[in-house]
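Contents: one structure, followed by commentary.
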Amino acid sequence: MPQSKLNPINAATRLCGVLGSPIGHSASPAMHNAAYAALGLNWRYLAFEVDPQNLRAAIAGARAMNFVGLNLTVPHKLLAVDMVDELDVSAQTWGAVNTIKFTPAAAGKIRAVGFNTDAEGLANSLREDLAVTLRGAKVLLLGVGGAGRTAALKLATENVAELFLVNRTASKAEEIAGEIKKQFPSVKISVGYPQAKVDLLLNATSLGLKPEDALPLDDKQFSLKQAGAVYDMIYQPAETRLLAAARAAGCKTANGIGMLVHQGAKAFAIWTGQPAPVAVMRRAVEGSVYGK
Ligand SMILES: NC(=O)c1ccc[n+]([C@@H]2O[C@H](COP(=O)([O-])OP(=O)(O)OC[C@H]3O[C@@H](n4cnc5c(N)ncnc54)[C@H](OP(=O)(O)O)[C@@H]3O)[C@@H](O)[C@H]2O)c1
């Protein structure tokens with residue numbers, strides 16, 4: 001299929017960007033610029049290497065230069081919570097900001113509104129890539145770091161029936177289990193491996209990023225044959241050891257590329273007020289990450 005062309009850059013070109021460190025391998029510029037081209041927007045999306053100590057200045061600079069918005073990635077999502085004028089309910093709920101929209105306010109001022117699109121990105125990817133129905137599902141979640149904590153809370157808001165949390169540092173899993181018990185009493189939550197089958201196993205640890213990494217689960221305590229579907233938030237490599245083992249065990253599998261696409265699609269919709277061209281964005285990300 002022929003690629004749509006970006007508008008030429010001129011004095012009317014609007015800017016978006018992603019701030020992070022390191023940022024060199026980000027697929028977000030390819031993904032968003034493809035979407036702008038598909039919709040004929042005279043916009044550009046750039047990646048900026050920003051050290052945490054310069055984050056406040058970078059956000060202020062983008063605001064002063066009338067950027068449409070920003071994405072924030074590692075290590076800025078928590079820091080940015082205190083650097084915007086207003087937090088959308090999504091950023092309040094997940095306690096982190098990955099998207100900022102700059103909006104004109106009274107007296108020529110520009111307000112920075114913080115959003116978080118990561119949780120919705122994950123839920124949309126689970127539905128699209130694995131056809132999982134989250135309501136009433138039994139889920140084993142490995143890892144409750146930044147992404148895992150958000151995933152646990154999101155799964156609870158989606159009314160999963162039962163959630164099992166496993167984390168190297170067990171106290172963190174206990175803490176999040178306590179939070180979920182208080183906020184979502186209808187979700188049955190426990191720390192440790194399930195004794196019976198689950199509908200979904202979700203890896204939110206960083207184990208699998210390196211080829212020499214061990215499996216993120218203890219296969220003496222839980223067999224992959226007990227999982228209907230397995231999702232790994234890691235997307236590079238495209239198939240981690242966990243996903244290869246899950247495929248061999250007959251599970252449905254998906255990696256985290258769809259999560260990346262859907263968090264970006266939601267950010268696109270926030271900035272433009274239009275639905276995102278998700279298929280175009282996915283193709284662009286796959287091209288950028290896998291050279292497809
Ligand atoms: N697809 C996407 O769009 C997307 C988005 C966000 C994140 N991710 C991926 O999700 C993963 C987690 O990211 P994050 O931001 O949550 O990172 P994080 O906050 O640093 O959390 C890392 C998690 O991995 C666990 N872990 C790290 N090393 C381990 C080891 N050697 N053995 C067992 N557990 C280990 C940590 O356990 P402890 O608590 O014990 O340290 C923690 O649960 C990463 O692989 C990241 O690439 C993907």
Side-chain angles (χ1 to χ4, degrees), residues 18 20-28 30-32 52 71-80 94-99 116-130 140-155 163-177 179 191-193 201-219 221-222 230-243 253-268 278 281-282 284-286 288-290:
V18 58
S21 184
I23 200 67
H25 292 98
S26 173
S28 292
M31 171 167 69
H32 284 278
N71 282 139
L72 303 160
T73 186
V74 177
H76 299 323
K77 294 183 192 185
L78 296 179
L79 293 170
W94 315 119
V97 170
N98 81 331
T99 301
N116 191 304
T117 68
D118 284 333
E120 197 171 326
L122 171 65
N124 286 344
S125 174
L126 290 173
R127 289 189 193 100
E128 183 172 287
D129 297 321
L130 289 176
L140 166 58
L141 173 63
L142 308 173
V144 291
R149 178 181 176 277
T150 298
L153 290 164
K154 179 63 177 167
L155 291 166
L163 189 51
F164 300 88
L165 303 181
V166 171
N167 195 54
R168 175 178 60 178
T169 313
S171 58
K172 280 197 214 167
E174 295 285 359
E175 200 180 304
I176 289 165
E179 211 176 310
V191 171
Y193 287 97
L201 181 155
L202 180 55
N203 178 39
T205 77
S206 41
L207 278 179
L209 285 170
K210 290 180 255 146
E212 67 274 18
D213 279 347
L215 275 180
L217 91 161
D218 181 349
D219 51 9
Q221 296 207 59
F222 185 82
V230 175
Y231 189 94
D232 199 328
M233 283 197 190
I234 294 170
Y235 55 83
Q236 182 68 290
E239 188 174 72
T240 55
R241 275 188 66 196
L242 172 68
L243 289 186
T253 60
N255 72 21
I257 202 108
M259 180 177 171
L260 177 68
V261 170
H262 280 284
Q263 64 75 30
K266 179 69 192 170
F268 179 97
V278 177
M281 294 173 86
R282 186 182 279 263
V285 167
E286 288 176 350
S288 172
V289 177
Y290 306 126

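All heavy atoms count here, side chains included; hydrogens, waters and symmetry mates do not. Both ligands and their constituent atoms are indexed starting at 1 by order of listing.
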Open item on the list: Under the side chain to side chain contact (heavy atoms under 4.5 Å, CB included) test against Glu174, which residue among Val191, Asn167, Leu165 passes?
Closed with: Val191

Open item on the list: Can you list everything that forms a ring-ring contact (aromatic ring centres under 6.0 Å, His included) with His76? Sequence neighbours excluded, please.
Closed with: none

- [ ] Please indicate whether Lys266 has more than 12 foreign heavy atoms, meaning atoms of other residues, nucleotides or ligands, lying under 6.0 Å from its NZ.
- [x] no

Open item on the list: Using the side-chain hydrogen bond (donor to acceptor under 3.5 Å, both in side chains) criterion, which residues pair with Arg127? Sequence neighbours excluded.
Closed with: Asn124, Glu158

Open item on the list: My understanding is that only residues two or more places apart in sequence, or in another chain, count here; which of them pass side-chain hydrogen bond (donor to acceptor under 3.5 Å, both in side chains) with Thr150?
Closed with: none

Open item on the list: Strictly under 4.0 angstrom, heavy-atom based: which residues surround ligand 1?
Closed with: Gly143, Val144, Gly145, Gly146, Ala147, Asn167, Arg168, Thr169, Lys172, Ala204, Thr205, Ser206, Leu207, Leu209, Met233, Ile234, Tyr235, Gly256, Met259, Leu260

Task: For Asp129 against Arg282, the heavy-atom pair lying closest together - done: OD1-NH2, 2.9 Å

